[in-house]
There are 2 protein chains.
Amino acid sequence: MRISEAASRSGLKVDTIRYYEAEGLVPNVGRGADGQRRFSPENIDWLTLLYWLRETGMPMKVMQEFAALYAQGEETIQARKDILLDHSDLLAKRRDDLDRCADILTRKLEIYEEYLR
Amino acid sequence: MRISEAASRSGLKVDTIRYYEAEGLVPNVGRGADGQRRFSPENIDWLTLLYWLRETGMPMKVMQEFAALYAQGEETIQARKDILLDHSDLLAKRRDDLDRCADILTRKLEIYEEYLR
DNA sequence: ATACCGGGCTGGAGTAGCTCAAGGTCAAGA
DNA sequence: TCTTGACCTTGAGCTACTCCAGCCCGGTAT
């Protein structure tokens with residue numbers, strides 16, 4: 001699979017994929033005889049996971065650490081699990097923030113309604 | 001109220017407040033005889049709102065637009081309401097993303113559990 | 001009186017995480 | 001053959017902070 005397809009499947013942009021690869025976030029990307037990147041289904045799964053981790057605010061450095069562990073194989077699964085558990089905590093925190101902000105907006109909008117009447 | 005107190009009350013950092021003011025996001029900040037910023041309770045409420053809007057991903061440009069409307073007074077309330085309604089939509093989208101990512105992590109963690117047994 | 005804080009000020013440099021643009025290669029279709 | 005389109009690399013630009021140097025000022029300790 002070429003980079004454009006990898007982009008449309010993973011959700012990441014073409015430029016972002018190249019950038020991530022350069023930063024060591026995407027292990028084992030092959031190249032064809034023409035020098036172009038070739039992505040395996042496993043690459044795609046990995047990119048998709050990165051997409052979601054980024055989308056929900058995992059910092060670059062953590063992603064790098066996670067990718068380094070992934071590249072080392074199965075004996076790092078415990079460590080990877082810990083990272084994902086930490087990220088789950090972050091998700092919960094973000095959800096609280098969203099809820100809190102939604103409340104604030106609701107109140108603010110009610111006040112605006114008053115003015116408009 | 002001085003800037004450090006404004007920071008601890010709003011949630012924004014001191015540097016961020018100064019930056020926001022320079023970018024036109026904080027109307028009507030007074031100065032004392034010593035040349036230092038003085039924040040009114042209304043300033044604090046506004047900064048707190050900005051804090052939550054930023055925290056939930058409102059882009060700078062939208063905040064600038066919102067601040068410009070706020071500075072113009074009550075006749076812009078409809079426009080401000082529209083901005084907050086749009087932002088509410090964004091919050092809903094983010095919430096969906098968080099939920100989706102949480103699902104993905106849960107599945108991933110289950111797979112890791114398999115390996116670890 | 002003076003030395004030393006802590007907190008404020010400005011201007012400017014540095015950072016993260018992309019994002020875009022310039023300039024080049026190459027394979028396939030009209 | 002010519003052109004188009006997808007890919008390549010390198011490097012600049014952007015957003016939204018974040019930090020730092022160097023200065024001022026008011027209050028306390030010596």
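Labels below follow one simple rule: chain letters A, B, ... track the order of the sequence lines, proteins then strands, and each chain is numbered from 1.
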Side-chain polar contacts of residues 102-115 of chain B - donor-acceptor pairs under 3.5 angstrom, sequence neighbours left out - could you list them?
| from | atom 1 | to | atom 2 | distance (Å) |
| --- | --- | --- | --- | --- |
| Thr106(B) | OG1 | Ala102(B) | O | 2.8 |
| Glu113(B) | OE2 | Lys81(A) | NZ | 2.7 |

Residue list, salt bridge (Lys or Arg N to Asp or Glu O under 4.0 Å) with Asp89(A), at least two apart or on another chain: none
Compare the minimum distances between each of dC7(D), dG8(C), dC9(C) and the side chain of Arg31(B), then state the nucleotide with the smallest one. dC9(C)
Any N/O pairs under 3.5 Å between the protein and nucleotides 16-18 of chain C? List them or say none.
| from | atom 1 | to | atom 2 | distance (Å) |
| --- | --- | --- | --- | --- |
| dG17(C) | OP1 | Met60(A) | N | 2.9 |
| dC18(C) | OP1 | Arg54(A) | NH1 | 3.3 |
| dC18(C) | OP2 | Tyr20(A) | OH | 2.5 |

Between Arg9(B) and Glu5(B), is there a salt bridge with N-O shorter than 4.0 Å? yes
Between P of dA16(D) and NZ of Lys13(B), the distance in whole Å: 17 Å
Rounded to whole angstroms, how far apart are CD1 on Ile17(A) and P on dC8(D)? 10 Å
Could you give the CD-to-P distance, from Glu55(B) to dA16(D), as a whole number of Å? 14 Å
Here the distance between atom P of dC17(D) and atom CD of Glu21(B), to the nearest Å, is 15 Å
Hey, does Thr56(A) have a side-chain heavy atom less than 4.5 Å from the side chain of Arg94(A)? no
Whole angstrom is fine here: how far is it from CZ in Arg2(B) over to C1' in dG27(D)? 12 Å
State which of dC9(C), dC8(D), dA6(D) makes the closest approach to the side chain of Ser4(A). dA6(D)
Using a cut-off of strictly less than 4.0 Å, decide whether Arg18(B) has a side-chain nitrogen or oxygen near OP1 or OP2 of dT10(C). no
Run the side-chain donor-acceptor check on residues 17-32 of chain B: report pairs under 3.5 Å with partners two or more places apart or on a different chain.
| from | atom 1 | to | atom 2 | distance (Å) |
| --- | --- | --- | --- | --- |
| Glu21(B) | OE1 | Arg37(B) | NE | 2.5 |
| Glu21(B) | OE1 | Arg37(B) | NH2 | 3.4 |
| Arg31(B) | NH1 | Gly35(B) | O | 3.0 |

Charged N to carboxylate O under 4.0 angstrom, Asp96(A) versus Arg100(A)? no
Please report, rounded to the nearest Å, how far the C1' atom of dG7(C) is from the CE atom of Met1(B). 17 Å
Could you tell me if the side chain of Asp82(B) sits less than 4.5 Å from the side chain of Gln78(B), heavy atoms only? yes
Quick one, which residues of residues 34-49 of chain A touch DNA chain C with a heavy atom under 4.0 Å? none
Check: Ile83(B) and Met58(B) side chains under 4.5 Å, non-hydrogen atoms: yes
May I have all residue pairs that pass ring pair (Phe, Tyr, Trp, His ring centres under 6.0 Å) and include part of residues 57-77 of chain B, sequence neighbours excluded? Trp46(B)-Phe66(B), Trp46(B)-Tyr70(B)
Ile3(A) has an atom CD1; how far is it from atom C1' of dA6(D), in whole Å? 11 Å
